[in-house]
Amino acid sequence: MTTQSRKAEVAVDAEEFALEAEAQAINDELEGLDLSGRLAFIAGLEGRAVFTTSLGIEDQVITAAIGSSHLDIEVATLKTGRLFDETVALIDKTEETYGILIKRYYPEKADIEAYVAQYGMNGFYESVEARHACCGVRKLKPLARALEGASYWITGLRRGQSGNRATTPFAEADVERGLIKINPLADWDIETIQAHVAAEAIPVNPLHSRGYPSIGCEPCTRAIKPGEPERAGRWWWENDEKRECGLHVPEAASSIIPNASNAA
């Protein structure tokens, strides 16, 4: 290794250490605050904060808090092209209710065409690789655009959503994206969420009342059965109990996204 390469490696290590130290300090601060206090604290930090919402019940709680307090936090959503009609309608209703703008991020047409050419429109049912690739095109790449230049990424992750998320902190370093990920509802259970929604008359997706506690793209989400975990209805045809799209838990999606330049 050359001296220059070694210096570059040391610099990267120092940046990662600083990011992790800042995340730990924020995590400790947020632990003692309520939701409004947590979001106000993040809004007051130097740097751009972006909240990405899937319009699920947790995300609606966060959006309501941001809108009601007029916090300087951007709200964005990923319009994958395969969302439920109910989810799409809720975007407009939420904007009207809280007087905010929810910025839409879409997949690139060329990426979709490349995916369809390689796997077929619904190829995600055929293999885990194809499903990861679809999530990569429709979610990961648009997310990257939404978070470009952001210092803080706010999400609706909760510890009770799945075993895979049981240790979710309030703040964590996302070294790959070079930002700090904030999970202000990490310690809220679903009963607390539901009670808060009822008390504050927060608009939610009607699919929740039809057995869909976790809602993603329409062809990849089903209602859950009694006793099943909250996220059991996501990619239900796969055997892996830790199914994720790659937004929050790294998977192979980014490495198998079809190359649009190679589309037939």
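- Between Gln24 and Asn27, the closest side-chain pair of non-hydrogen atoms falls below 4.5 Å.
- In this structure a side-chain-to-backbone donor-acceptor pair under 3.5 Å is present from Tyr125 to Pro219.
- Side-chain atoms of Ile57 and Gln194, non-hydrogen and from C-beta on, do get closer than 4.5 Å to each other.
- Taking 4.5 Å as the limit, some side-chain heavy atom of Ile154 sits within range of a side-chain heavy atom of Leu39.
- In Glu191, the CD atom is crowded: over 12 heavy atoms of neighbouring residues, nucleotides or ligands sit closer than 6.0 Å.
- Contact check for Phe124 versus Cys217: no side-chain heavy atoms found under the 4.5 Å cut-off.
- Ion pairing between Arg48 and Glu74 holds under the 4.0 Å rule for side-chain N and carboxylate O.
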- Message: Quick one, Phe41 with Ile182, criterion side-chain contact (heavy atoms from CB on, under 4.5 Å). Give me CA distance, side-chain angles, the key distance, then yes/no.
- Response: CA-CA 11 Å; Phe41 178 82; Ile182 309 294; over 6 Å; no
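- The pair Glu176-Lys181 does not count as a salt bridge, with every side-chain nitrogen at least 4.0 angstrom from each carboxylate oxygen.
- Pairing each heavy atom of Thr97 with each of Pro203, the nearest pair is OG1-CG, 4.0 Å.
- If you chain together ILVMFWY residues whose side-chain heavy atoms come under 4.5 Å of each other, Ile215 ends up grouped with Phe84, Leu207, Tyr212.
- Under the 3.5 Å distance criterion, the side-chain polar atoms of Ser209 are matched with a main-chain donor or acceptor of Pro206.
- Cluster annotation: Leu19 is not connected to Leu147 through the hydrophobic network of ILVMFWY side chains, with a link wherever side-chain heavy atoms come within less than 4.5 Å.
- At least one side-chain heavy atom of Leu78 sits less than 4.5 Å from a side-chain heavy atom of Pro142.
- The distance from the SG atom of Cys220 to the CH2 atom of Trp236 is 6.5 Å, given to the nearest 0.5 Å.
- Rounding to the nearest 0.5 Å gives a distance of 7.0 Å between OG1 of Thr94 and CD1 of Ile100.
- Proximity of Asp174 to Trp153: side-chain heavy atoms (C-beta onward) are separated by under 4.5 Å at one or more points.
- Nearest heavy atom pair, residue Ile180 against residue Ala171, reads CG2-CB, 4.2 Å.
- The CG atom of Leu55 sits 9.0 Å away from atom NE2 of His208, with the distance rounded to the nearest 0.5 Å.
- Note: Thr52 OG1 to Asp59 CG = 7.0 Å, rounded to the nearest 0.5 Å.
- Taking every heavy atom of both residues into account, Pro213 and Ile224 meet most closely at CG-CD1, 3.6 Å.
- To the nearest 0.5 Å, atom CG of residue Leu35 and atom CH2 of residue Trp188 are 5.0 Å apart.
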- Determine, step by step, whether Leu30 and Asn183 satisfy the side-chain contact (heavy atoms from CB on, under 4.5 Å) criterion, reporting the C-alpha distance in whole Å, the side-chain angles of both residues, the deciding distance to 0.1 Å, and the verdict. CA-CA 9 Å; Leu30 297 183; Asn183 311 303; over 6 Å; no
- Message: I'd like to know whether Lys103 forms a salt bridge (Lys or Arg N to Asp or Glu O under 4.0 Å) with Glu95, so could you lay out the CA-CA distance, the side-chain angles of the two residues, the decisive distance to 0.1 Å, and finally the verdict.
- Response: CA-CA 10 Å; Lys103 189 169 183 179; Glu95 288 182 321; over 6 Å; no
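- Of the charged side-chain nitrogens involved, at least one lies within less than 4.0 Å of a carboxylate oxygen, so that Arg104 and Asp92 count as a salt-bridged pair.
- Checked by atom type and distance alone, the side chain of Tyr115 pairs as donor or acceptor with a backbone atom of Ala130 at under 3.5 Å.
- Of the N and O atoms on the side chains of Asn205 and Gln60, not one donor lies less than 3.5 Å from an acceptor on the other residue.
- Under the 4.5 Å side-chain criterion, counting only non-hydrogen atoms from C-beta, Arg159 is not in contact with Thr167.
- Ionic pairing of Asp111 and Lys141 is present here: one or more N-O contacts between side-chain nitrogen and carboxylate oxygen are shorter than 4.0 angstrom.
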- Check the pair Glu228, Arg222 against salt bridge (Lys or Arg N to Asp or Glu O under 4.0 Å), reporting the backbone distance first and the verdict last. CA-CA 12 Å; Glu228 285 188 318; Arg222 66 160 172 80; 3.1 Å; yes
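- Tyr106 is not connected to Ile102 by any chain of hydrophobic side-chain contacts under 4.5 Å among Ile, Leu, Val, Met, Phe, Trp and Tyr, and they are in different clusters.
- The side-chain heavy atoms of Thr77 and Tyr105, taken from C-beta on, include no pair separated by under 4.5 Å.
- A salt bridge between Arg131 and Glu238 is present, with a side-chain N of the basic residue lying under 4.0 Å from a carboxylate O of the acidic one.
- With salt bridges taken as basic N to acidic carboxylate O contacts below 4.0 Å, none links Glu86 and Lys93.
- By the side chain to side chain contact (heavy atoms under 4.5 Å, CB included) test, Ala43 is found to be paired with Leu71, Ile73, residues two or more places apart in sequence or in another chain being considered.
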- Item | side-chain hydrogen bond (donor to acceptor under 3.5 Å, both in side chains) evaluation trace for Arg82 with Asn122 | CA-CA 11 Å; Arg82 304 299 299 268; Asn122 294 326; 3.0 Å; yes
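- Clustering ILVMFWY residues whenever any of their side-chain heavy atoms sit less than 4.5 angstrom apart, transitively, puts Val75 in the very cluster that holds Ile42.
- Distance check: Glu200 CD to Ser68 OG gives 7.5 Å after rounding to the nearest 0.5 Å.
- A donor-acceptor pair under 3.5 Å is absent between the side-chain atoms of Arg234 and the main chain of Thr221, judged by distance alone.
- When the side chains of ILVMFWY residues are joined at heavy-atom separations under 4.5 Å, either directly or via intervening members, Trp235 and Tyr119 end up in a single hydrophobic cluster.
- Considering all non-hydrogen atoms of both residues, Ser151 and Leu179 come closest at O-CB, 3.4 Å.
- For the residue pair Gly156 and Phe51, the shortest heavy atom distance occurs at N-CE1, 4.3 Å.
- With respect to Arg158 and Glu230, a salt bridge is recorded, a charged nitrogen being found less than 4.0 Å from a carboxylate O.
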- Task: Begin from the C-alpha positions of Arg138 and Ile112 and carry the test side-chain contact (heavy atoms from CB on, under 4.5 Å) through to its verdict.
- Result: CA-CA 8 Å; Arg138 295 185 182 274; Ile112 297 299; 3.6 Å; yes
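- Linking Ile, Leu, Val, Met, Phe, Trp and Tyr residues whenever their side-chain heavy atoms come within less than 4.5 Å leaves Val50 and Val175 in two separate clusters.
- Closest approach of Ser54 and Thr87 over heavy atoms only: O-CG2, 3.9 Å.
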- Run the numbers on Ile190 and Ile193 for side-chain contact (heavy atoms from CB on, under 4.5 Å), then give the verdict. CA-CA 5 Å; Ile190 188 59; Ile193 292 280; 4.3 Å; yes
